[in-house]
Number of protein chains: 2
Amino acid sequence: MRKGEETRARILDVAEAAVLAKGFGATSIDELIAETGITKSGFFYHFRDKNELARALLERYIENDERIYDEIFGRAHQLADDPLQAFLLGLKMLSEILADLPNGHPGCLVAVMCTQERAFDREIQEINRQAALMWRRRFGSMFEEIMRIYRPREALDVDQLADMVSTVLEGGIILSKALKQPESLPQQLLVLRSFVRLLFQPASA
Amino acid sequence: MRKGEETRARILDVAEAAVLAKGFGATSIDELIAETGITKSGFFYHFRDKNELARALLERYIENDERIYDEIFGRAHQLADDPLQAFLLGLKMLSEILADLPNGHPGCLVAVMCTQERAFDREIQEINRQAALMWRRRFGSMFEEIMRIYRPREALDVDQLADMVSTVLEGGIILSKALKQPESLPQQLLVLRSFVRLLFQPASA
DNA sequence: AGCCGCTCCCTACCATTGGTACGGTTTCCA
DNA sequence: TGGAAACCGTACCAATGGTAGGGAGCGGCT
């Protein structure tokens with residue numbers, strides 16, 4: 001049990017790096033087993049087929065993602081009482097963490113699976129959808145809290161505002177990769193931060 | 001000459017749809033030639049290998065993209081003298097066009113190639129980079145024009161502001177796909193529009 | 001002590017796919 | 001009418017995803 005999970009985790013580690021670098025289709029099982037140091041039978045013992053590997057990868061990635069967000073915005077809410085200040089602080093902390101990654105953000109598996117939709121089964125697409133909805137709820141509840149105190153200078157839908165955070169994250173990752181400029185993602189997050197601050201700035205200021 | 005280009009275009013049409021739906025790796029040449037109605041030899045007469053197909057696909061996609069933006073923002077600048085109003089109008093027109101697509105945005109090839117980086121050669125990555133830089137110049141020059149008249153309520157870097165448009169487009173496409181909600185992309189564009197309007201709104205308003 | 005089940009390894013095999021090679025054929029235009 | 005452009009046909013190759021099935025080491029339970 002203990003050893004099995006460890007091997008499984010090692011496969012997932014290798015696979016995640018490969019998929020984020022080359023895409024899912026370009027990642028061969030032979031390559032994974034070579035780097036992990038197991039055999040083909042060993043691989044198929046842990047995963048029925050490539051689709052199940054994809055599912056496991058995605059689920060693990062999303063869980064980890066959620067944990068990171070919990071941590072960052074949890075800390076931000078500890079440091080700032082005001083929900084707006086906490087949110088702005090959280091965005092800044094996130095931006096700084098992303099800026100400190102030596103090679104930039106490794107890429108988002110959700111985006112990878114999205115750009116290769118039909119290559120995966122419905123279950124994976126559903127996991128993807130749930131992930132996006134979780135992000136919406138996470139940031140949406142923050143904006144609701146903010147709006148209980150601050151009046152936005154423009155009436156915007158909370159869900160759409162929450163989605164904007166995911167949008168900038170996903171879009172920023174892609175732009176960073178396209179431009180080969182890792183600093184773009186954290187910069188874009190800070191631009192979003194400015195926008196949000198502007199939105200809730202009292203009209204007199 | 002005439003016929004050759006037509007066949008080539010037909011291959012590219014079929015390939016583009018397949019790649020956007022399934023990803024590049026999951027799109028087989030056999031499948032393409034079956035749907036196009038040519039033979040394998042015919043395919044390899046037009047494209048040396050799959051990489052050259054990718055390059056041709058990407059180049060055609062970007063050219064088309066540029067043409068659409070030229071059209072929309074050209075028209076917007078005809079309808080509105082003021083650069084800010086023209087930009088806001090352009091964003092709205094773009095949003096409406098995207099909202100009218102029956103199945104939503106089919107996906108961005110630049111993003112596809114980004115999420116599968118190492119699967120392609122440097123030439124493709126360079127084309128991708130140039131595309132992102134073109135977007136930056138396009139929207140950047142608009143923001144410069146705007147800033148010659150309007151003072152932003154917050155000092156933001158023009159390049160980063162320009163990149164924000166690309167970010168929201170790319171991120172919106174991904175979020176739309178993940179959520180299976182085609183209307184998200186146009187909505188996100190309108191949120192960005194609100195942000196930009198807020199940014200250049202006189203402090204007194 | 002003995003056995004079960006988990007976690008693999010080994011070998012062999014198959015269909016699909018990207019790609020090569022090369023000769024032949026049709027089509028179109030100058 | 002001739003020659004290039006635009007294919008077709010066939011044969012072949014290596015890599016890849018996946019299947020089948022037998023076995024081996026090893027810890028834990030009875």
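Letters A, B, ... are given to chains in the order of the sequence lines, protein chains preceding strands, and every chain is numbered from 1. Just so you know, these numbers use all the heavy atoms, side chains as well, and skip hydrogens, waters and symmetry mates.
Comparing atom distances between the B:Thr7 side chain and each of C:dT17, C:dT7, D:dC7 picks out D:dC7 as nearest. Relative to the side chain of B:Ile29, the nucleotides C:dC9, C:dG19, D:dA6 differ in distance, and C:dG19 lies closest. Which of D:dG18, C:dT7, C:dG18 sits closest to the side chain of A:Lys50 comes down to D:dG18. Listed candidates were C:dT17, D:dG18, D:dC8. Nearest to the side chain of A:Asp49 is D:dG18. Set against D:dT19, D:dC8, D:dT16, the side chain of A:Ser28 has D:dT16 as its closest nucleotide.
Rounded to an integer number of Å, the gap from CZ of B:Arg48 to P of C:dT20 is 10 Å. In this structure, B:Lys40 places its NZ atom 7 Å from C1' of C:dG19, rounding to the nearest Å. In this entry the distance linking CG of A:Asp30 with P of D:dA15 reads 10 Å, nearest Å. If you take CD of B:Glu31 and C1' of C:dT17, they are 11 Å apart, rounded to a whole angstrom. Atoms CZ (A:Phe44) and P (D:dT16) sit 13 Å apart, rounded to a whole Å. With rounding to whole Å, B:Leu32 atom CG is found 11 Å from C:dT17 atom P. Distance A:Phe47 CZ to D:dT16 C1': 18 Å, rounded to the nearest Å. Computed from coordinates, the B:Phe43 CZ to C:dG19 P distance equals 8 Å when rounded to whole Å.
Taking 4.5 Å as the limit, some side-chain heavy atom of B:Arg148 sits within range of a side-chain heavy atom of B:Glu145.
Taking 4.0 angstrom as the limit, A:His46 places a side-chain polar atom (N or O) nearer than this to OP1 or OP2 of C:dC8. Residue B:Tyr45 places at least one side-chain N or O under 4.0 Å from the OP1 or OP2 atom of D:dA6. Contact between the side-chain N/O atoms of B:Ser41 and the OP1/OP2 oxygens of C:dC22 is not found at any separation under 4.0 Å.
Using modelled atom types, no side-chain atom of B:Ser95 and backbone atom of B:Leu190 make a donor-acceptor pair closer than 3.5 Å. Distance alone, capped at 3.5 Å, places no donor-acceptor pair between the A:Lys92 side chain and the A:Arg193 backbone.
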Do any side-chain atoms of residues 159-168 of chain B form donor-acceptor pairs under 3.5 angstrom with protein atoms, and if so which ones, sequence neighbours left out?
from: B:Gln160; atom 1: NE2; to: A:Gln187; atom 2: OE1; distance (Å): 3.4
from: B:Asp163; atom 1: OD1; to: B:Arg136; atom 2: NE; distance (Å): 3.1
from: B:Asp163; atom 1: OD2; to: B:Arg136; atom 2: NE; distance (Å): 3.3
from: B:Asp163; atom 1: OD2; to: B:Arg136; atom 2: NH2; distance (Å): 2.8
from: B:Thr167; atom 1: OG1; to: A:Gln188; atom 2: OE1; distance (Å): 2.9
from: B:Thr167; atom 1: OG1; to: B:Asp163; atom 2: O; distance (Å): 3.0

Atom pairs and distances, donor-acceptor, side-chain atoms in residues 27-36 of chain B, under 3.5 Å, two or more places apart:
from: B:Thr27; atom 1: OG1; to: B:Gly23; atom 2: O; distance (Å): 2.8
from: B:Ser28; atom 1: OG; to: B:Glu31; atom 2: N; distance (Å): 3.1
from: B:Glu31; atom 1: OE1; to: B:Lys22; atom 2: NZ; distance (Å): 2.7
from: B:Glu31; atom 1: OE1; to: B:Ser28; atom 2: N; distance (Å): 3.2
from: B:Glu31; atom 1: OE2; to: B:Lys22; atom 2: NZ; distance (Å): 2.5
from: B:Thr36; atom 1: OG1; to: B:Leu32; atom 2: O; distance (Å): 2.5

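Using a 4.0 Å heavy-atom criterion, one finds that A:Thr36 contacts no nucleic acid atom at all.
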